[in-house]
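First the structure, in the form of structure tokens, and then the observations on it.
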Amino acid sequence: MLNRRELLCLAGSGAISLMAGCGGGIWPHAYAAEDVIFQPDVELALQATVAENAILPGRPTPVWTYQGRLIKGDAWHLIDAEESYLGPTIRVRRGQKIRIHFYNELPEESIIHWHGLHVPADMDGHPRDVIPSGRKFTYEFEVCNRAGTYWYHPHPHQRTGPQVYGGLAGVFIVSDDEEEALHLPTDEFDLPLVIQDRRFADNNDLIYLTHPMERMTGFLGNRILVNGRPRYRREVVSRPYRLRILNGSNSRIYNLAWSDGRPLTVIGTDGGLLPSPLVRPNVILGPAERVELWADFSGMDKGDEATLVSRALDLGPLSTMMGPGGMRGPRRGGRFLPNGAPFAIANFKIAHLDKADVQLPERLAAPPPDETEEAVNRHTPRRFHIAMNHMRGVINNRVFEMTGVAEDEVVKLGTQEIWEFINRGGMPALPHPMHVHGLQFRVLGRLGALYDGYLDKGWKDTVLLMPGERVRLMMRFEDYDGLFLYHCHNLEHEDMGMMRNYYVRAA
Ligand code: C2O
Ligand code: CU
Ligand code: CU
């Protein structure tokens, strides 16, 4: 017999329409009936703690980090992040049940959010569920998502920016049968690359928010770190790799490309593999977005190098205004690196030649369904105006309220809706990477696009809106009712309150 969580996952895949909902419905709460039946396949502990990490030469940098420990399951479920401050990479298969014991050993409250995962509201790491310092919280959920690259990070109200910046973040990888059948590169040929920017004081301490203007524009570092390392270099062999790139930065936008001008071969986005590979000269990646690349080093010679770079992106007056240099404010931590400035991200050098029998598949995954007709509001999209207003980040003129939901933020479980995020610009005109919790959406269209490097394909949970742009999204509210967040993933904007709840009401 299937238990309720398996039924929920099936419901998610469309095999069974709407079970009783979750956290509500006929089961009053996620703990009511299933404590008895929840048998985790994987069980682990994540401890958020204060530590030191040697990032730059000299004195180690005080950081905040997640330390992982596997309690139940095979070693591949929890992979250490190569001595960096990043949390361990968690790997699970779709359909597996996972229990995670979160211990908060930080000097302040925190909570973990599973970015991109479709989990019940009370497992989602909502700021109302923050855990005080010294306390613990146990997560239990079944992984229903498609194979893909997700991540986890803290989500306490007004403290997400500093906690992520301090080092709290990790990659969460889901695999499934559909993906396995493709025989994509695995093990050391399947590389997560977490891109972040940081600024360091002379004593190697991290610098965060030195000028009030940085709160409004978003904080920018002047050193690019990959997997917690500056000047990231890696020896590779002459064969294809799968690169899982996460923009784990607070506010920096990357314009990814290969330095030698050859195009990027894109195989996946936030919510997993695309229907088929896409070839693009460059890809713009906003905070929290992911892109998966097929990086084929075949045909290169020993000693040859390939460099992933961020190309210049003209963000207008913004790029010079953003940061202490531009603001003529205090200039701590050296040179200012504007948003949109070009730089190298990661260097790959062929250490030896190799042949591998891996082909880039022509078809990667089933295409997302075209269900525009099924949206209950197809003639009247739900609109959200994102703006910076008198130094306050607002969505439809409202700031975050912990459990507050407006009437126009209530949706019905089991329905699909068209949502529109609108960035009118405002004063100052800023980019806003908009993220919705609890689901994966599709981008139906973008109006007023300023650039052509957006990757609006496949399943997404975060979409970048430049000033003047408007995007139309297909949302699907299934399986779980309750309170979920949507917000700007510029973490300084989020902490300023550019975040709201939406409520999924059980039918
Ligand atoms: Cu990645 Cu609400 O967060
Ligand atoms: Cu999220
Ligand atoms: Cu924003």
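All heavy atoms count here, side chains included; hydrogens, waters and symmetry mates do not. Whatever order the structure lists them in is the order used to number ligands and atoms, beginning at 1.
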Query - Exercise: identify the closest heavy-atom pair between Ile207 and Phe219 - result: O-CZ, 3.1 Å
Query raised in the report: Quick one: does Met496's side chain get under 4.5 Å of Arg215's, heavy atoms only?
Result: yes
Query raised in the report: Testing His493, His489, His385 for ring pair (Phe, Tyr, Trp, His ring centres under 6.0 Å) with His432, which one passes?
Result: His493
Query raised in the report: Relative to atom 1 (Cu) of ligand 1, how many protein N, O or S atoms have a separation of less than 2.8 Å?
Result: 3
Query raised in the report: Does NZ or CZ of Arg446 lie under 6.0 Å from the centre of the six-membered ring of Tyr454, at an angle within 45° of the ring axis?
Result: yes
Query raised in the report: Step by step, would you call Arg159 with Leu106 a side-chain contact (heavy atoms from CB on, under 4.5 Å)?
Result: CA-CA 12 Å; Arg159 295 294 294 163; Leu106 303 172; over 6 Å; no
Requested in this report: Decide yes or no on ring pair (Phe, Tyr, Trp, His ring centres under 6.0 Å) for His155 and His126, but give the supporting numbers first.
Outcome: CA-CA 7 Å; His155 222 300; His126 190 285; 7.8 Å; no
Query - Audit row: Glu179, Arg242, salt bridge (Lys or Arg N to Asp or Glu O under 4.0 Å) steps and yes/no - result: CA-CA 13 Å; Glu179 177 196 62; Arg242 176 181 190 172; 2.8 Å; yes
Report task. Run the salt-bridge test on Asp461 and Arg290 with the 4.0 Å N-O cut-off and return the result as yes or no. Result -> yes
Report task. Taking all heavy atoms of Tyr254 and all of Asp197, pick out the closest pair and write down the distance. Result -> OH-N, 3.8 Å
Requested in this report: Could you tally the protein N/O/S atoms lying less than 2.8 Å away from the Cu ion (ligand 3)?
Outcome: 3
